[in-house]
Amino acid sequence: MSYRYKIASVFLIGFFLDCINIFMSAIALPSIASTFNTGTANVAWVANSYILGMTLVIPMSTWLASRYSSRNVLSFSMALFGCSVFFCGLSTSLYELIGWRFIQGIGGGLMIPIGQSLTFSLFQQKQRAKVSTFIMMVALIAPAISPTIGGLIVEHLSWHWVFFSSAPLSIIVSILAWYWVDNDNKADSERPDIKGLFLVSTALIALLVGMSIYSNSQYGIKAELIGTFAIVAALILVGIYIEHDKNHHDPIINLSLFKNNKLTLSIIIYYAIPGVFTGINLLNIFFLQDVLHFSADKTGMFMILYGIGAFIAIIACGKTYNHIGPKKLFVISLLIHSAGVASLLWVHLGSPIYVIILAYILMGLGGGLGANCAQTTALMDFDEHQMLKGSVIWNINRQISFCVGAAFFTMLFNLFCMNAHFQNADAYHLTYLIAVLIGIFTLIFIVKRKKVTL
């Protein structure tokens, strides 16, 4: 196996572990809540703490890789991931589990941007479409199969084994990284931007905590006020960081990279497609079970249909990207994904099941095409020097888009439910309609934007 494919293998396996640990653990949350005798709001932090750990450490990955070498950091990150996931399974309290999940997120957050930047630096220009296809296969197929795998583990073993099962492969990847990745240690690496790191980390914590609290605003006006305060504080800190970025020669997140049209547009697409789907799918799970009275097993099967659609789309994207170009693929993906979400508007009690099947297949096709195209396009113009900085921005965007999508549509749904004129089903359909409009407005923006030279 050539060197670049060894690097790609280390990254893809590590990325796969990250994806399945997000979605496999989600299926185990009811069992975890029962074990520790806690409610939904508290047990949700088992997922939130993992994402928080990932997000906070991503900006540090650039400096750590340059200071201690990519090989050392990659190997350490996967060893940390494997050890922490093992202790997650051994946890005897909810707070202990949340703490180990935070540490596990740090391991994943170190591995992903470094592994991606190394991989993309070895696959230049047109070759990146090929490796991006493999990346998006992992990113879109793993969420489709991991809920089923996690459900089987919980049913036949226990929720502890959802975590135990990831430990052996994590350690194997750590060993492979140590032997396969070249040691590129740079002893003269510059001291990181500590002030910028503090501002970014605090803003991200405030944003994630604020959205988490505000999405549970049904618990009272106090929760709404605290959530609003946290979100406003996050925005203020972002404003302070923007000024800091202007005056620092090497900021922890280089905002000047947003001048790159391909990166900026790819980030917008990620919010408009994967971000929107995350929120809509979360609501639709409740809609199918609470309104249409579907079983949990039947509800979970629809994600397999999404995975099939995504698989077809990412294969097609890999073969057509260099011929059609990203701008046309973005437009096509937005049309297909919005059509899938719009199909949910016709789902009601007594409607034929093929409408739901069609919706998930279309959302999978649009999601796979849009996300894969964005992944390929985002860092296309970056050289080796810029790659790590760009990868930091891209991976923070990936994590935050999922959080924003879930929190935004949950809050929107709760707002509609508070209106006495809307029944429960009406609130779901109005939320789906807003999601469709977001896709359409994004499509119009791309078509009319003259500066798009993709």
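- Side chain of S333 to backbone of F330: a donor-acceptor contact under 3.5 angstrom is found.
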*Test side-chain contact (heavy atoms from CB on, under 4.5 Å) applied to I171 and M78, step by step*: CA-CA 6 Å; I171 299 302; M78 293 313 300; over 6 Å; no
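- Put simply, the side chain of F409 reaches to within 4.5 Å of the side chain of V276, judged on heavy atoms.
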*Test T377 against L329 for side-chain contact (heavy atoms from CB on, under 4.5 Å), laying out the working first.*
CA-CA 11 Å; T377 305; L329 289 176; over 6 Å; no
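- For the pair I267/F258, a side-chain contact is recorded, criterion being any heavy-atom separation below 4.5 Å from C-beta on.
- Expressed to the nearest 0.5 Å, how far OG1 of T431 lies from CG of L345 amounts to 10.0 Å.
- Atoms SG and NE2, on C88 and H160 in that order, are 11.5 Å from each other to the nearest 0.5 Å.
- Distance check, rounded to the nearest 0.5 Å: OH of Y306 to CE of M363 gives 8.0 Å.
- Rounding to the nearest 0.5 angstrom, the gap separating the CG atom in L443 from the CD1 atom in I269 is 8.5 Å.
- Note: T442 OG1 to L265 CG = 9.5 Å, rounded to the nearest 0.5 Å.
- Shortest non-hydrogen contact noted between W394 and L263 is CE3-CD1, 4.2 Å.
- With a 6.0 Å radius and a threshold of 12 heavy atoms from other residues, nucleotides or ligands, W180 has its CH2 atom above the threshold.
- Here the closest heavy-atom approach between residue I336 and residue G366 is recorded as CG2-N, 3.6 Å.
- When all heavy atoms of P251 and D245 are compared, the pair lying nearest together is CG-OD1, 3.0 Å.
- Between the side chains of Y360 and N281, at least one donor N or O lies within less than 3.5 Å of an accepting N or O.
- A 4.5 Å side-chain heavy-atom check between P326 and T376 finds every atom pair outside the cut-off.
- Of all the heavy atoms in A65 and I114, the pair that sits closest is CB-CD1, 3.8 Å.
- Between A234 and A206, the closest heavy-atom pair is CB-CB, 3.9 Å.
- Proximity of a side-chain donor or acceptor of S165 to a complementary backbone N or O of V162 within less than 3.5 Å is detected.
- When all heavy atoms of A359 and G340 are compared, the pair lying nearest together is CB-O, 3.4 Å.
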*Check against side-chain contact (heavy atoms from CB on, under 4.5 Å), I361 and I308*: CA-CA 7 Å; I361 290 176; I308 292 172; over 6 Å; no
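- When ring centroids are compared, F76 and Y68 stay outside the 6.0 Å threshold.
- Proximity of S343 to L362: side-chain heavy atoms (C-beta onward) are separated by under 4.5 Å at one or more points.
- At most 12 non-hydrogen atoms from other residues, nucleotides or ligands lie less than 6.0 angstrom from CZ of F441.
- A donor-acceptor pair under 3.5 Å is formed between the side chain of S84 and the backbone N or O of F81.
- The aromatic rings of F15 and F11 lie parallel to each other, their planes meeting at an angle below 30°, with 60° marking the opposite boundary.
- Under the side chain to side chain contact (heavy atoms under 4.5 Å, CB included) rule, P274 has a single partner from Y271, Y270, F277, which is Y270.
- Rounding to the nearest 0.5 Å places CE of M111 at 7.0 Å from CE of M54.
- Contact of the L118 side chain with the L74 side chain is registered, since non-hydrogen atoms from C-beta on lie closer than 4.5 Å.
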_Trace of the side-chain contact (heavy atoms from CB on, under 4.5 Å) decision for V347 with Y432_ = CA-CA 11 Å; V347 177; Y432 299 155; over 6 Å; no
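- At a cut-off of 3.5 Å, with distance as the only test, no side-chain donor of W100 or S91 sits close to an acceptor on the other residue.
- Between the side chain of S174 and the backbone N or O of S75 there is at least one donor-acceptor pair closer than 3.5 Å.
- The six-membered or imidazole ring of F164 lies near that of F86, with a centre-to-centre distance under 6.0 Å.
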